[in-house]
**Q** 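Below is one structure. I have some questions about it.
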Amino acid sequence: MKQWLILLSLGLLVVLSGCRSQHEAKIFNALNEHISSQNKCNVNNQTLTDLISKETTIYNDIIEKGLDPFDQVQPLIEEGKTTVQESRTYLETYQACILRARLNQSELEKQNQENKNDQSKTETNTLISQYVNYETSVIKYVEALLALNEAQNVFYREITPSTPVARLDELVTAINLAIDEANAISLLHQEALVTFNTSYTNYYETYIK
C-alpha cells in the first residue's frame with residue numbers, strides 16, 4: 001500500500017501595518033506585498049490536493065486488486081494516468097507563479113541599511129531571511145511533488161499485463177521513495193512557515209502596531 005502523502009498546506013498570515021515606525025513599516029509593507037502575491041498562487045491548491053488524494057485512492061485500489069485479470073484494473077490505470085496529468089498541470093502552474101512572486105532579498109536588505117536602530121536592523125534582516133527560507137521551502141516542496149508526479153506517471157505508463165514483478169516492484173519503490181522525500185520536505189516547509197509567521201507577528205507587535 002502507498003504511504004499517505006502530507007498534502008498541500010501553503011499560505012501565510014497577513015496583517016495590516018500601522019505607522020508607528022516609518023522605516024520598519026516600509027519594509028513590512030514590502031513583505032506584505034510579496035506575501036499577498038504568494039497567497040494568490042494558492043488559488044488552485046484545494047483542487048490539487050483533491051487530485052493527489054484521488055490518485056492515492058486509485059493507486060491503492062490497483063495494488064489491492066493486482067494485475068490479474070488485467071481487465072479489472074485497466075479502467076483504474078487510465079483514470080490514474082489522467083489524474084496524474086491533471087495534477088502536473090496544476091503543479092507546473094503553481095511553480096511558475098511562486099517563482100514569479102519571489103522576493104528580491106538583496107533589495108530589501110539594501111533598504112534596511114538605512115535603518116539607524118541596530119536592534120531593529122538586525123530583527124528586520126532576520127525577518128527578511130526567514131521569509132526567504134519560507135519561499136525556498138515552498139519551491140523545494142513543489143519540486144518534490146513534481147518528482148513524485150513523474151514517478152507516478154512512469155508507473156501508469158509502464159504497467160501492462162506483461163509487466164514483470166521485478167519491474168512492478170521497482171515502480172512501487174520509486175513512488176514510495178518520492179513520497180518519503182516529499183513528506184520530509186513538507187515537514188521542513190511547515191517549520192519554515194511557523195517560524196516566519198511567529199517572527200512576523202512579533203515584528204508587527206514590536207515595530208508596527
Side-chain angles (χ1 to χ4, degrees), residues 1-12 37-102 132-193:
M1 297 292 284
K2 188 181 198 176
Q3 304 168 46
W4 283 96
L5 179 69
I6 298 174
L7 300 180
L8 292 170
S9 178
L10 308 175
L12 288 165
S37 295
Q38 284 282 5
N39 284 343
K40 288 177 183 177
C41 295
N42 299 344
V43 62
N44 291 316
N45 277 6
Q46 186 57 54
T47 300
L48 179 56
T49 297
D50 292 343
L51 285 169
I52 291 174
S53 179
K54 178 182 178 182
E55 189 281 326
T56 299
T57 300
I58 293 169
Y59 174 93
N60 284 338
D61 283 348
I62 292 172
I63 298 301
E64 183 177 346
K65 293 178 185 297
L67 303 182
D68 186 19
F70 189 77
D71 289 347
Q72 75 172 348
V73 294
Q74 190 166 15
L76 289 173
I77 292 170
E78 294 304 317
E79 187 177 8
K81 286 180 182 178
T82 300
T83 303
V84 166
Q85 289 167 359
E86 289 178 8
S87 295
R88 188 165 196 88
T89 298
Y90 283 109
L91 280 169
E92 289 176 342
T93 299
Y94 182 71
Q95 183 183 51
C97 184
I98 61 177
L99 289 175
R100 285 195 304 269
R102 290 187 78 174
V132 171
N133 288 342
Y134 161 78
E135 278 192 328
T136 301
S137 75
V138 176
I139 292 167
K140 289 182 177 179
Y141 184 37
V142 174
E143 288 174 349
L145 291 177
L146 283 166
L148 169 60
N149 182 273
E150 180 56 25
Q152 294 166 332
N153 183 48
V154 172
F155 173 85
Y156 290 111
R157 187 174 66 239
E158 291 195 16
I159 191 171
T160 68
S162 59
T163 302
V165 173
R167 179 54 181 159
L168 184 60
D169 287 344
E170 290 175 356
L171 296 172
V172 170
T173 298
I175 287 176
N176 283 331
L177 288 175
I179 290 173
D180 287 344
E181 180 69 10
N183 279 337
I185 293 175
S186 173
L187 291 175
L188 293 175
H189 159 68
Q190 294 297 327
E191 290 175 6
L193 174 61

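What you see below is based on every heavy atom in this structure, not just the backbone, and it leaves out hydrogens, waters and symmetry mates. All residue numbers in this chain count up from 1 along the given sequence.
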**Q** Could you tell me if the side chain of Val73 sits less than 4.5 Å from the side chain of Ile159, heavy atoms only?
**A**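 No, side chains not in contact.
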
**Q** Write down the atom of Tyr141, the atom of Ser186, and the distance for their closest heavy-atom approach.
**A**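 Residues Tyr141 and Ser186, closest heavy atoms: CE1-CB, 3.5 Å.
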
**Q** Any side-chain heavy atom of Thr163 within less than 4.5 Å of one from Phe70?
**A**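 Contact flag for Thr163/Phe70 side chains = no.
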
**Q** Should Glu143 and Ile185 count as side-chain neighbours, where that means a heavy-atom distance under 4.5 Å?
**A**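 No - every pair of side-chain heavy atoms lies 4.5 Å or more apart.
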
**Q** Which residues satisfy the salt bridge (charged side-chain N to carboxylate O under 4.0 Å, His left out) test with Glu79, sequence neighbours excluded?
**A**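 Lys54.
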
**Q** Enumerate the disulfide bond (SG atoms under 2.5 Å apart) contacts for residues 132-175, please, sequence neighbours excluded, ordered by first and then second residue.
**A** none

**Q** Who are the ring-ring contact (aromatic ring centres under 6.0 Å, His included) partners of Tyr90, not counting sequence neighbours?
**A**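 So Tyr90 forms no ring-ring contact (aromatic ring centres under 6.0 Å, His included) with any residue.
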
**Q** Restricting to side chain to side chain donor-acceptor pair (under 3.5 Å), what partner residues turn up for Ser137, sequence neighbours left out?
**A**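 Checked Ser137 against side chain to side chain donor-acceptor pair (under 3.5 Å); matches are His189.
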
**Q** Between Arg102 and Ile139, is there a side-chain heavy-atom distance shorter than 4.5 Å?
**A** yes

**Q** Could you measure the distance from the CG atom of Leu76 to the OH atom of Tyr59? Nearest 0.5 Å is fine.
**A**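 These two atoms lie 13.5 Å from each other.
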
**Q** Does the pair Leu188 and Lys140 meet the rule for a side chain to side chain contact (heavy atoms under 4.5 Å, CB included), with working shown?
**A** CA-CA 10 Å; Leu188 293 175; Lys140 289 182 177 179; over 6 Å; no

**Q** Under the side-chain contact (heavy atoms from CB on, under 4.5 Å) rule, collect the residues that match up with Asn149, sequence neighbours excluded.
**A** Val84, Ser87, Arg88, Leu91, Gln152

**Q** Hey, does Ile52 have a side-chain heavy atom less than 4.5 Å from the side chain of Leu148?
**A**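 With C-beta onward as the side chain, the pair stays apart.
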
**Q** Kindly write out the residues that satisfy side-chain contact (heavy atoms from CB on, under 4.5 Å) with Gln46, not counting sequence neighbours, or none if the list is empty.
**A** Thr49, Asp50

**Q** Please collect all disulfide bond (SG atoms under 2.5 Å apart) contacts where either partner lies in residues 46-91, sequence neighbours excluded, each pair once.
**A**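 Matches after skipping sequence neighbours: none remain.
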
**Q** Taking atom CD1 of Ile175 and atom CD of Glu150, what is their separation to the nearest 0.5 Å?
**A**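 Going from the CD1 atom of Ile175 to the CD atom of Glu150 covers 11.0 Å.
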
**Q** Determine whether Glu135 and Ile98 make a side-chain contact, defined as any pair of heavy atoms from C-beta on separated by less than 4.5 Å.
**A**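 The answer is no; the side chains never approach within 4.5 Å.
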
**Q** Using the side-chain contact (heavy atoms from CB on, under 4.5 Å) criterion, which residues pair with Ala174? Sequence neighbours excluded.
**A**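 Expected list: none.
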
**Q** Given Ile62 and Leu67, is the side chain to side chain contact (heavy atoms under 4.5 Å, CB included) satisfied, shown in steps?
**A** CA-CA 7 Å; Ile62 292 172; Leu67 303 182; 4.3 Å; yes

**Q** How long is the straight-line distance from CG of Leu145 back to CD1 of Ile179, given to the nearest 0.5 Å?
**A**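 If I round to the nearest 0.5 Å, the distance is 10.5 Å.
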
**Q** Within the 4.5 Å heavy-atom criterion, are Val43 and Tyr94 side-chain neighbours or not?
**A** no

**Q** Taking side chain to side chain donor-acceptor pair (under 3.5 Å) as the test, write out the residues that go with Gln72, two or more places apart.
**A** none

**Q** For Glu78, which residues count as a side-chain contact (heavy atoms from CB on, under 4.5 Å) partner, sequence neighbours excluded?
**A** Lys81

**Q** Are the side chains of Thr56 and Asn60 in touch, meaning some heavy atoms are under 4.5 Å apart?
**A**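 In short, these two side chains touch, coming nearer than 4.5 Å.
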
**Q** Of all residues at least two apart in sequence or in a different chain, which pass the side chain to side chain donor-acceptor pair (under 3.5 Å) check with Thr173?
**A** none

**Q** Looking at every non-hydrogen atom in both residues, tell me the closest pair between Ile77 and Tyr156 and how far apart they are.
**A** O-CD2, 3.6 Å

**Q** Applying side chain to side chain donor-acceptor pair (under 3.5 Å), name anything that partners Arg167, two or more places apart in sequence or on another chain.
**A**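 By the side chain to side chain donor-acceptor pair (under 3.5 Å) rule, Arg167 matches Glu158, Glu170.
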
